[in-house]
Amino acid sequence: MAKELKELTSREENYAQWYNDLVIKADLAENSAVRGCMVIKPYGYAIWEKMQRQLDDMFKETGHINAYFPLFIPKSFLSREADHVEGFAKECAVVTHYRLKTNPDGTGVVVDPEAKLEEELIVRPTSETIIWSTYKNWIQSYRDLPILCNQWANVVRWEMRTRLFLRTAEFLWQEGHTAHATEEEALEEARKMLDVYADFAEKYMAVPVIKGIKSANERFAGAVETFCIEALMQDGKSLQAGTSHFLGQNFAKAFDVQFIDQENKLQYVWATSWGVSTRLIGALIMAHSDNNGLVLPPKLAPFQVVIVPIYKNDEQRNAISEKVATIIAQLKAIGISVKYDDSNNRKPGWKFAEYELKGVPVRLAIGARDLENGTIEVMRRDTLKKETVTMEGIELYVKDLLEDIQTNIYKKALDFRTSVTREVDSYDEFKVEIEKGGFLMCHWDGTSETEERIKQETKATIRCIPLNGDKTPGKCIVTGKPSAQRVVFARNY
RNA sequence: CGGAGUUUAGCGCAGUUGGUAGCGCGCUACGUUCGGGACGUAGAGGUCGGGCGUUCGAGUCGCCUAACUCCGACCA
């Protein structure tokens, strides 16, 4: 068994610190010179690229196309939709000038006061406004609908307190923005994309999620209905992993986007928007990793297999490398990504620890002894179990193993979630149970006041009203008023 | 935006009553090693976060300032 890393804080000791340590030590990201902004390092970005590629394929399969809208949004656009501006105004970066000049005393540069913008520009916190001001020109008739656009972009939300991947001032995401002729179609779109996100989370990230509807308190500013997927982290806190909004006609009305329907009548367009961000990487880390480092699902690992040679001299090293070249070819031929680390400046033991820290799903170790016996040592990252197998057919063995790891870490996460999800029927019990973390399934009277009170008193919020599952009515745990179904309460990120 | 803490070599840290800066890791070279974070020898690497002050003399004392981390409030 691997010994635990000295430098990595253990999860039990301090979960938040464990997460911070892991992000840095696994080389995923680091803090930058700009407060609240992060540098996503190559290994971390490789995970994002894998996510991007998969999601992009899924968007294309569901009929969407990519486009790009500007980073800057005229200030006046943001005030067009009252709820929307309310939601974002406090955290917007504003561009006021367009030019610098050399400081008169020769020390660096200053903002040129002559170069003040007539209308200030907002660095997008999200793109609904710029997009709907554009869609106005794209839409005249029902024949122009639907519009199913997505964009991959960065956005800026000036957060007071930030954490790598989980909450940063600038982050990467995709935002889908669709326009529809009917309410039903837009609602169906919002639901469809929620399903896409849930599929992605469960099948690729191996993170089980609850699909649900946000309460009014948690709803996106400007949306009629916000759908979400909620994931449970190992410390018992919930993390919103993706959202899909049914925007109704709010933005169409704000930007006067109307179309002529088949009866030659003018109607406002129906809208959706949906997004996931680099925050998913935070979810990935917190869902699976352990005290030895990252545990990555094979489907998103930058490389799925690492091969470490064990040799005493150049002669052995060459002999091993020759054999490894064959194995690499066999693995690649069936679509398995592999890294061969034959660097001479680290010993095998060091490499073992390093690749465990980085969460590589499978490690193959091969030494002179293996060459003689026709064997190879295989270790799986999720359980840290080692075994020695014959080299013959190793690629198929690894293929099965990768699938098994993908399934196993999903199951592990699901079992954990099941074990900390429980029904609670009294507020007294709730106050005790919420301290233990996990999802509490409770009846709620449906009012913002009750939710707000629970939040103030326990720091827990309604993560969502689940779409699937038990729909048995009951009584609110706080007020005793009727409740249509249990909702998910948790503390959250 | 409030409370606390930190800032000294690439990283992690020590530095006593104020006397001119050190340890571990890493890095470079050579050698021995290599099946779970190897070892030896020889090196390189510092405007002590920044500014002002006290002093013959400041990493150390005082004031100001900045950044970062954690805890709150706010939020994807």
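Quantities reported herein were computed from a predicted structural model and do not represent experimental measurements. Throughout, a chain's letter reflects where its sequence line sits, starting with A, and its residues are numbered from 1.
- Geometrically, Arg279(A) does not engage Phe171(A) in a cation-pi contact defined by less than 6.0 Å to the ring centre and at most 45° from the axis.
- Going from atom CD of Glu230(A) over to atom P of rA76(B) covers 11 Å, rounded to whole Å.
- Taking atom CD on Glu377(A) and atom P on rG35(B), their separation rounds to 11 Å, with Å as the unit.
- When rounded to the nearest whole Å, the span between CZ of Arg491(A) and P of rC74(B) equals 14 Å.
- As a whole-Å value, the separation of Met233(A) CE from rA76(B) P is 17 Å.
- Remark: P of rG35(B) and CZ of Arg317(A) are 15 Å apart, rounded to the nearest angstrom.
- With respect to the salt-bridge test (charged N to carboxylate O, under 4.0 angstrom), the residues Arg369(A) and Glu372(A) do not qualify.
- Across all strands shown, rC11(B) forms a Watson-Crick or G-U wobble pair with rG24(B), both key distances being under 3.5 Å.
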Can you give each donor-acceptor pair under 3.5 Å made by side-chain atoms of residues 295-315 of chain A, sequence neighbours left out, with the distance rounded to 0.1 Å?
| residue | atom | partner | partner atom | Å |
| --- | --- | --- | --- | --- |
| Gln304(A) | OE1 | Ser337(A) | N | 2.9 |
| Gln304(A) | OE1 | Ser337(A) | OG | 3.4 |
| Gln304(A) | NE2 | Pro298(A) | O | 3.1 |
| Tyr311(A) | OH | Asn344(A) | OD1 | 2.9 |
| Asn313(A) | OD1 | Glu315(A) | N | 3.2 |
| Asn313(A) | OD1 | Gln316(A) | N | 2.8 |

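- Salt-bridge check for Arg381(A) with Asp290(A): passed, with a basic side-chain N closer than 4.0 Å to an acidic carboxylate O.
- With both pairing distances under 3.5 Å, rG2(B) is matched to rC71(B) as a Watson-Crick or G-U wobble pair.
- Side chain Lys386(A) to base rG36(B): a donor-acceptor pair is found below 3.5 Å.
- Straight-line distance between the C1' atoms of rU65(B) and rU16(B): roughly 29 Å, to the nearest whole Å.
- When side chains are defined from C-beta on, Trp152(A) does not count as touching Leu172(A), because their heavy atoms never get closer than 4.5 Å.
- For the C1' atom pair drawn from rC1(B) and rA73(B), the interatomic distance equals 8 Å after rounding to whole Å.
- As the counterpart of rC63(B), rG51(B) is assigned, both hydrogen-bonding distances of the Watson-Crick or G-U wobble pattern falling under 3.5 Å.
- For the C1' atoms, the distance linking rC48(B) with rG18(B) amounts to 15 Å, nearest Å.
- If Val34(A) and Arg363(A) are placed on RNA chain B by their nearest nucleotide, the residue sitting closer to the 5' end is Arg363(A).
- Distances shown here put a side-chain N or O of Arg35(A) below 4.0 Å from the OP1 or OP2 atom of rC68(B).
- As the counterpart of rA58(B), no nucleotide is assigned, since no Watson-Crick or G-U wobble pattern has both distances under 3.5 Å.
- rA76(B) atom P lies 16 Å from atom OH of Tyr197(A), rounded to whole Å.
- Between the CZ atom of Arg346(A) and the C1' atom of rG35(B) there is a distance of 19 Å, given to the nearest Å.
- The C1' atoms of rC34(B) and rG12(B) are separated by 27 Å, rounded to the nearest whole Å.
- Judged by atom type and distance alone, Glu356(A) reaches the base of rG36(B) through a side-chain donor-acceptor pair under 3.5 Å.
- Under 4.0 angstrom from either OP1 or OP2 of rC70(B) there lies at least one side-chain N or O belonging to Asn20(A).
- Atom CD1 in Ile24(A) sits about 15 Å away from atom C1' in rG10(B), given to the nearest Å.
- In this model, the phosphate group of rG35(B) is approached by a side-chain N or O of Lys347(A) to a distance below 4.0 Å at OP1 or OP2.
- OP1 or OP2 of rC74(B) has not a single side-chain nitrogen or oxygen of Lys459(A) nearer than 4.0 Å.
- In this structure, rG40(B) forms a base pair with rC30(B), meeting either the Watson-Crick or the G-U wobble geometry with both donor-acceptor distances under 3.5 Å.
- In this structure, the side chains of Leu280(A) and Phe200(A) come closer than 4.5 Å at one or more pairs of heavy atoms.
- Rounded to a whole angstrom, the distance from the C1' atom of rC68(B) to that of rC56(B) is 37 Å.
- For the pair Gly349(A) and Asn492(A), nearest-nucleotide mapping onto RNA chain B gives the more 5' position to Gly349(A).
- Base pairing of rU17(B): no nucleotide in any strand meets the Watson-Crick or G-U wobble criterion (both distances under 3.5 Å).
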